[in-house]
Structure formats: structure tokens, C-alpha cells
Student: 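This is the structure, below, for whatever I ask next.
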Amino acid sequence: MTGRTTLKCAYAGIAAIALTLAVGWWQVDGPGASEQTERQPFALTEMEFSLSDHEGDEVGPETLIGRPTMVFFGFTYCPDVCPTTLSDISGWLDDLGEDAEGMNVVFITVDPERDTVEAIAEYVGYFHPSIRGWTGTQEEIARAAQGFRARYERVPTDGGDYTMNHTASVFLFDIEGRFTTMIDYHEPREFAVPKIRRTLD
């Protein structure tokens, strides 16, 4: 293979990667993104619920207003989606560096029966120190999920145990509590981190 042919192949590869990234942005967060207004979360200023963080302090939507916010719903017994997403979030926060210090990052359980303050405190301790864990009563968790338009359901498993199906996306809100966008499960870092930066800006 001549040097000229090699150079052409390299240019073609770069162009293909650039096209893939551009199409992904267009469909996920650009003008080509689908409009799902009926499914978008309410603004934080329109939500009403009261939970406890992993240190036992009372928190609610008003706790989040005034700083950009990232919220993820899950549970500590989750076998794959939750630890994977929280690891992804930890990586995004590392990429953001000092910029991440001005952001709320919250993990809200959908399984308060098992996720006590103590249990969720231990769980979030395995991830980035900026991540806060929130729990509460079944009723208050339901109110919070309704405001975020997050879905979850209890699913029985063999042996009388259960697991939880739940929304796996990460919600982003701006400094005034307005919903900005979502990051999908397993969304590539090159798309996720720019979304967070735009929310920070």
C-alpha cells in the first residue's frame, strides 16, 4: 500500500467517525432530537416532595435550585444498570474536573423498603464523592418520580424476592431548576459530557 493510499484511508476513517458523531448529536441532542414534551419532567420549582439524604437531612426539589442538577433513579440491589450508570456519572464528573464542584448530583432510590439512609449512604460511598443518595417513604418516592416523569415497578423474582424495573436515563436541570435534557443509559461519554457542560453554562 502506497503512502498516498494510506493517507486516503486515514482521511476516510476520520470522515466516517466525524459523520457518526454528527449524526449522533443531531438525533440525541440536536435539531433532529424527537420532541417528547408530554414525557418531560416538570421544572424543579413545580415539584413537591420531601425526602432524606444519605446523611439524614431533609431534602426536596428546593434543595436543588440555584445549582445545575443531575438526577438518576435506581436502587442499591440493582445488579447492572445502577452501578454502571453511577460509574459512568463518576467518570463524567472526573472529566468535568473543578466545574463539577458547582453541581448537584443526586441518586434517588425507587426501593425505599430496602434502601434506608444507612444502606444508601454505604452504596453511594463506592462512587464519586459528589453523588448524594436520597430516600424516603414509598409515598414521597412516588411523588418525586411523578415530578421527574420517572417510571418504576416492583417485579417478583424466584424465591419470593423482588427486583425493580425503572427509568434508566439521567435527568439534567439548569441553575433555575428548568429541565434541559436527558442522558440515555450507555450514552457515549463524548455525547454525555458536552450535554452536562451546556447545562453548567
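Since the structure is predicted, the reported quantities are computational estimates derived from the model, not experimental observations. Worth knowing before you read on, the calculation uses all heavy atoms, side chains too, and leaves out hydrogens, waters and symmetry mates.
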Student: Using only atom types and a distance under 3.5 Å, with no angle test, would you say the side chain of Lys195 pairs donor to acceptor with the backbone of Met182?
Tutor: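 A pair under 3.5 Å: yes.
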Student: Step by step, work out the side-chain contact (heavy atoms from CB on, under 4.5 Å) result for Leu64 and Met47.
Tutor: CA-CA 11 Å; Leu64 305 175; Met47 298 187 199; over 6 Å; no
Student: Under the side-chain contact (heavy atoms from CB on, under 4.5 Å) test, which residues partner Glu55, sequence neighbours left out?
Tutor: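 In terms of side-chain contact (heavy atoms from CB on, under 4.5 Å), with neighbours along the sequence ignored, Glu55 is linked to Asp53, Asp57, Arg132.
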Student: With a 4.5 Å cut-off on side-chain heavy atoms, are His166 and Arg151 touching?
Tutor: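 The answer is no; the side chains never approach within 4.5 Å.
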Student: Can you check whether Val59's main-chain N or O pairs, donor with acceptor, with Thr63's side chain at less than 3.5 Å?
Tutor: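 Judged by distance alone, no pair lies under 3.5 Å.
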Student: Please examine the side chains of Gln40 and Arg149, heavy atoms only from C-beta on, and report whether any two atoms are closer than 4.5 Å.
Tutor: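 The answer is no, as the side chains (C-beta and beyond) never meet within the 4.5 Å cut-off.
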Student: Any idea which heavy atoms bring Arg178 and Ala43 closest together, and the distance?
Tutor: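 Shortest heavy-atom separation between Arg178 and Ala43 comes out as CA-CB, 4.4 Å.
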Student: Can you tell me if Arg114 has over 12 outside heavy atoms packed within less than 6.0 Å of its CZ?
Tutor: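 More than 12 within 6.0 Å, yes.
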Student: From Tyr123 OH over to Cys78 SG, what is the distance, rounded to the nearest 0.5 angstrom?
Tutor: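 With rounding to 0.5 Å, OH (Tyr123) is 6.0 Å from SG (Cys78).
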Student: List the steps and the verdict of side-chain contact (heavy atoms from CB on, under 4.5 Å) for Thr116 and Thr135.
Tutor: CA-CA 7 Å; Thr116 62; Thr135 187; over 6 Å; no
Student: State whether the number of non-hydrogen atoms from other residues, nucleotides or ligands found under 6.0 Å of Tyr162 atom OH is greater than 12.
Tutor: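 Yes, OH of Tyr162 has more than 12 neighbouring heavy atoms, counting only those of other groups under 6.0 Å.
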Student: Determine, for Phe49 and Arg143, whether the Lys NZ or Arg CZ falls below 6.0 Å from the six-membered ring centre while staying within 45 degrees of the axis.
Tutor: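 No, cation not above the ring by the 6.0 Å, 45° rule.
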Student: Determine yes or no for a side-chain-to-main-chain donor-acceptor pair under 3.5 angstrom, with His54 supplying the side chain and Gly133 the backbone.
Tutor: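 Looks like yes, one N/O pair under 3.5 Å.
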Student: How close do Ala119 and Thr76 get, counting heavy atoms only, and between which atoms?
Tutor: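 Nearest heavy atoms, Ala119 then Thr76: O-CG2, 4.3 Å.
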Student: Taking atom CD of Glu140 as the centre, does the number of heavy atoms from other residues, nucleotides or ligands within less than 6.0 Å exceed 12?
Tutor: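 Correct, the count exceeds 12.
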Student: Would you indicate whether the side-chain heavy atoms of Leu172 and Ile183 approach each other to under 4.5 Å?
Tutor: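 Of all side-chain heavy-atom pairs linking Leu172 with Ile183, at least one is under 4.5 Å.
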Student: With a 3.5 Å distance limit and no angle check, can you tell me whether Asp174 reaches the backbone of Gly177 through a side-chain donor-acceptor pair?
Tutor: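 Pair found, side chain donor or acceptor close to backbone of Gly177.
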Student: May I ask whether Phe191 and Ile196 are part of the same hydrophobic cluster, defined by side-chain heavy atoms of I, L, V, M, F, W, Y residues being less than 4.5 angstrom apart, directly or through others?
Tutor: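 In one cluster with Phe191: Ile196, no.
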Student: Decide yes or no for Thr84 and Tyr185: does some side-chain heavy atom of the first lie under 4.5 Å from some side-chain heavy atom of the second?
Tutor: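 Yes; the side chains approach each other to less than 4.5 Å.
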Student: Look up atom NE2 in His128 and atom CG in Leu96, then write down how far apart they are to the nearest 0.5 Å.
Tutor: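 With rounding to 0.5 Å, NE2 (His128) is 8.5 Å from CG (Leu96).
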Student: Tell me if the OH atom of Tyr77 is crowded by more than 12 foreign heavy atoms within 6.0 Å.
Tutor: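 Not buried by this count: 12 neighbours or fewer within 6.0 Å.
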Student: Please determine whether residues Phe173 and Trp92 belong to a single hydrophobic cluster, defined as Ile, Leu, Val, Met, Phe, Trp and Tyr linked transitively by side-chain heavy-atom distances below 4.5 Å.
Tutor: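 No, Phe173 and Trp92 fall in different hydrophobic clusters.
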Student: Do Trp134 and Met164 belong together in a cluster built from hydrophobic side chains that touch within less than 4.5 Å?
Tutor: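 Same cluster.
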Student: Are more than 12 heavy atoms from other residues, nucleotides or ligands located less than 6.0 Å from atom CD of Glu48?
Tutor: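 For Glu48, atom CD is not crowded (no more than 12 foreign heavy atoms under 6.0 Å).
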Student: Report whether Ile120 and Val170 are members of the same hydrophobic cluster (ILVMFWY, side-chain heavy atoms less than 4.5 Å apart, transitive linking).
Tutor: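 Linked within one cluster.
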Student: If you round to the nearest 0.5 Å, how far is CD of Glu153 from OG1 of Thr163?
Tutor: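 Going from OG1 on Thr163 over to CD on Glu153, the span is 10.5 Å.
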Student: Nearest 0.5 Å please: distance from the CG atom of Leu51 over to the CD1 atom of Ile141.
Tutor: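 Atom-to-atom, Leu51:CG and Ile141:CD1 are 4.5 Å apart.
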Student: Over 60° means perpendicular and under 30° means parallel, so tell me whether Phe171 and Phe73 are parallel, tilted or perpendicular.
Tutor: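 If you compare the ring of Phe171 with that of Phe73, the planes turn out perpendicular.
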Student: Tell me, with the steps shown, if Val106 and Ile108 meet side-chain contact (heavy atoms from CB on, under 4.5 Å).
Tutor: CA-CA 6 Å; Val106 177; Ile108 302 178; 3.7 Å; yes
Student: Taking side-chain contact (heavy atoms from CB on, under 4.5 Å) as the definition, give me every residue that meets it alongside Ile175, ordered by chain and number, with sequence neighbours left out.
Tutor: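 Expected list: Pro68.
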Student: Taking atom types as modelled and ignoring hydrogens, do the side chains of Glu58 and Ser52 form a donor-acceptor contact shorter than 3.5 angstrom?
Tutor: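 Result is no, nothing qualifies.
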Student: Can you tell me how far the CD1 atom of Ile89 sits from the CZ atom of Phe127, to the nearest 0.5 Å?
Tutor: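 Rounded to the nearest 0.5 Å, the CD1-CZ separation comes out at 9.5 Å.
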Student: Do any N or O atoms from the side chain of Arg198 and from the backbone of Thr180 form a donor-acceptor pair under 3.5 angstrom?
Tutor: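 Absent.
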Student: Please step through side-chain contact (heavy atoms from CB on, under 4.5 Å) for the pair Val81 and Thr85, ending with a clear verdict.
Tutor: CA-CA 6 Å; Val81 173; Thr85 300; 4.0 Å; yes
Student: As an exercise, state the distance from CG of Leu44 to CD of Glu62, rounded to the nearest 0.5 Å.
Tutor: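 Leu44 CG to Glu62 CD: 10.0 Å, rounded to 0.5 Å.
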Student: Taking the side chain as C-beta and beyond, is there a heavy-atom pair between Val71 and Val105 under 4.5 Å?
Tutor: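 No, too far: nothing below the 4.5 Å cut-off.
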Student: Is there a donor-acceptor pair under 3.5 Å between the side chain of Thr167 and the backbone N or O of Ser169?
Tutor: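 No; zero donor-acceptor contacts below 3.5 Å.
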Student: In terms of hydrophobic clusters joined by side-chain contacts under 4.5 Å, are Val124 and Phe75 together?
Tutor: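 No.
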Student: Going by the angle between their ring planes, with limits at 30° and 60°, are Phe72 and Phe107 parallel, tilted or perpendicular?
Tutor: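 Judged by the thresholds at 30° and 60°, the geometry between Phe72 and Phe107 is parallel.
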